[in-house]
Amino acid sequence: MDQNQCYAFGFEPGTDAFAQCMMGLHQDRAAAEAARNRYWQAQRAEQNRRREAQQDLYKVMSLQRSGDPRFPVCGASYEGGMDHRTMTWFGPSCRAR
C-alpha cells in the first residue's frame with residue numbers, strides 16, 4: 001500500500017526519493033500509533049482514578065453509617081469492595097460493622 005502511495009506521488013521505485021517517501025509514511029504511521037497508545041493509556045488511568053475515588057467515597061459513607069440500623073451491614077454481595085487495610089466491607093448503600 002505504501003509503495004502504491006509513493007508511486008502515486010510520482011516517485012520511481014528504486015530511487016532515493018522513493019525510499020524517503022516509504023520511510024516517511026512508515027514514520028507517520030508509527031507516530032499515529034504511538035499517539036493512540038498514549039490516548040488509551042490516559043483513558044485507562046482516568047478510569048482507574050475515578051474507580052478509586054468512587055471506592056474511597058463508598059468507604060467513607062459506609063464508615064459514617066456504622067451503627068445506623070437503617071442500612072444493612074456491608075458484605076461480599078454488596079457493590080463496593082473490601083478495604084484490605086481494615087478488613088471491612090464497604091458499599092454505596094450499606095454500613096461498616
Between atom [atom1] of [X] and atom [atom2] of [Y], what is the distance when rounded to the nearest 0.5 Å?
X: Met61; Y: Cys74; atom1: CE; atom2: SG; value: 9.5 Å
X: Arg44; Y: Arg51; atom1: CZ; atom2: CZ; value: 12.0 Å
X: Arg65; Y: Leu63; atom1: CZ; atom2: CG; value: 10.5 Å

*Looking at Arg70 and Asp68, what are the two nearest heavy atoms and their distance?*
NH2-OD2, 2.7 Å
*Return the minimal non-hydrogen interatomic distance between Met22 and Cys6, and the atom names on each side.*
N-SG, 3.5 Å
_Verdict with supporting geometry, Asp2 and Arg29, side chain to side chain contact (heavy atoms under 4.5 Å, CB included)_ = CA-CA 11 Å; Asp2 288 347; Arg29 192 171 28 260; 2.5 Å; yes
Non-hydrogen side-chain atoms of [X] and [Y] separated by less than 4.5 Å:
X: Cys21; Y: Phe9; answer: yes
X: Tyr58; Y: Glu79; answer: yes
X: Met82; Y: Thr88; answer: no
X: Gln47; Y: Arg50; answer: no
X: Gln43; Y: Glu46; answer: no

*For Gly91, does its backbone N or O pair with a side-chain atom of Ser62 as donor and acceptor, under 3.5 Å?*
yes
*Criterion side chain to side chain contact (heavy atoms under 4.5 Å, CB included) on Gln3 and Phe18, from CA distance to verdict*: CA-CA 8 Å; Gln3 289 178 352; Phe18 189 83; 4.0 Å; yes
